[in-house]
Amino acid sequence: MLKQTAYGKTAKVLHWLIAALLAVQFPIGWLMPDIRRGMAPGNAMKLHIVIGLVILTFIVLRVVWRRFHPVAPADALPPWQRLTSASVHWLLYGLVFATALSGWFFASFRGWQLSLSSGVLLPVLTAPGSAAGRMVGGWHQAAGWGLLFAIGVHVIAAITHAFIFRDRVVQRMLAE
Ligand code: HEM
Ligand code: HEM
């Protein structure tokens, strides 16, 4: 498929929406009350789950959109930067997906049935209390820290492009 030379509006809107949602999702995750056995999700946890499911939906949409609207790397990038940026971008997609999905496993492990506001029930990913649920749900915290680290690398790279290389890479993701 012919690659476009610039990100379109949809790619940019999804990129910044996901970034903004993650910026509120992490603090909610850290600040919400700890879970105890048999406890039902409180308001903060319900909000965390809703935002997490929206992030999961957007990241899947973003990857599907990317498949049909591929964008070529910036001309200014030497081969090593093309390779490292593509690797970090795939790591970001993978870690957002893994963090959200492991959170869903955690919720299923706790026996929480998730539903949409329309009342449609979402699949239960594992039986309550199952060993698999404990294991995959247990990855949620580690996946979150891994994601935060990858975001840090990504943002440092963006700052380096803007203020040290002084090229137009960051402009590619901003409104024209
Ligand atoms: C990419 C999206 C998500 C991010 C960045 C995220 C981040 C976090 C963070 C930082 C914590 C606190 C971990 C700690 O105790 O240090 C947490 C806890 C939790 N999250 Fe998420 N989360 C996401 C999506 C989800 C989703 C989709 C669900 C459920 C459907 C979920 C369910 C939970 C649960 C049940 C906990 C409590 C786990 C515990 O107490 O150990 N999360 N999350
Ligand atoms: C202040 C925060 C951020 C800045 C300044 C920023 C900047 C950028 C820029 C300039 C690009 C385009 C790079 C290129 O031309 O190839 C990009 C792409 C990307 N960003 Fe960010 N970003 C930020 C936050 C995030 C966050 C939180 C995520 C987490 C998911 C993320 C995920 C991605 C991904 C996956 C791509 C690759 C897009 C693609 O080609 O498929 N970014 N970002």
If you count heavy atoms of other groups shown closer than 6.0 angstrom to CZ of Phe97, is the number above 12?
no

Hey, is the main chain of Leu121 close enough, under 3.5 Å, to the side chain of Ser115 for a donor-acceptor pair?
no

Using a 4.5 Å cut-off on heavy atoms from C-beta on, say whether the side chain of Gln171 contacts that of His161.
no

Could I get the full list of side-chain contact (heavy atoms from CB on, under 4.5 Å) partners for Leu47, not counting sequence neighbours?
Ile28, Ile51

Taking Gln113 for the side chain and Leu122 for the main chain, is one N or O donor matched with an acceptor at less than 3.5 Å?
yes

What are the two closest heavy atoms between Pro41 and Met45, and how far apart are they?
CB-CG, 3.6 Å

Quick check for you: to the nearest 0.5 Å, what is the distance between Thr160 atom OG1 and Arg166 atom CZ?
12.5 Å

Quick check on the hydrophobic clustering: are Trp80 and Ile156 connected, directly or via other members, by side-chain heavy-atom contacts under 4.5 Å?
no

Under a 4.5 Å side-chain heavy-atom rule over Ile, Leu, Val, Met, Phe, Trp and Tyr, are Leu92 and Trp65 clustered together?
no

Measuring from His48:NE2 to Leu31:CG, what's the distance to the nearest 0.5 Å?
11.5 Å

Does atom CZ of Arg168 have more than 12 heavy-atom neighbours, drawn from other residues, nucleotides or ligands, at distances under 6.0 Å?
no

How many angstroms lie between atom CZ of Arg67 and atom CZ of Arg62, to the nearest 0.5 angstrom?
13.5 Å

Consider only side-chain N and O atoms of His69 and Gln4, and report whether a donor and an acceptor are under 3.5 Å apart.
no

Do the side chains of Leu125 and Leu101 get nearer than 4.5 Å, heavy atoms only?
yes

To the closest 0.5 Å, what do you measure between CG (Leu14) and NZ (Lys9)?
13.0 Å

Would a single hydrophobic cluster contain both Ile35 and Met135, if residues Ile, Leu, Val, Met, Phe, Trp and Tyr are joined by side-chain heavy-atom contacts under 4.5 Å?
yes

Of all heavy-atom pairs between Arg172 and Lys12, which one has the smallest distance, and what is that distance?
O-CE, 3.3 Å

Taking C-beta and beyond as the side chain, do Trp112 and Val124 meet within less than 4.5 Å on heavy atoms?
no

Nearest heavy-atom contact between Met39 and Asp34 is CE-O, 3.5 Å

Are Phe165 and Val169 side-chain neighbours, meaning at least one heavy-atom pair lies under 4.5 Å?
no

For residues Phe58 and Phe68: do they belong to one hydrophobic cluster (side chain heavy atoms under 4.5 Å, members Ile, Leu, Val, Met, Phe, Trp, Tyr)?
yes

Hey, could you give me the CG/CD1 distance between Leu22 and Ile55, rounded to the nearest 0.5 Å?
4.5 Å

What's in the same ILVMFWY side-chain cluster as Trp16, cut-off under 4.5 Å, chained through other members?
Tyr7, Val71, Val170, Met173, Leu174

For Leu114, does its backbone N or O pair with a side-chain atom of Trp104 as donor and acceptor, under 3.5 Å?
no

As a quick check of understanding, evaluate side chain to side chain contact (heavy atoms under 4.5 Å, CB included) for Phe106 and Val136, giving each step before the final call.
CA-CA 7 Å; Phe106 196 103; Val136 180; over 6 Å; no

Once rounded to the nearest 0.5 Å, what's the spacing between atom OG of Ser87 and atom NE2 of His89?
9.5 Å

Starting from Leu83, can I reach Val153 by hopping between I/L/V/M/F/W/Y residues whose side chains sit under 4.5 Å apart?
no

Correct closest heavy-atom pair for Leu95 and Ala150 would be CD1-CB, 4.1 Å

Where at least one partner belongs to residues 129-147, residue pairs that pass side-chain hydrogen bond (donor to acceptor under 3.5 Å, both in side chains), sequence neighbours excluded
Ser102-His140, Thr126-Ser130

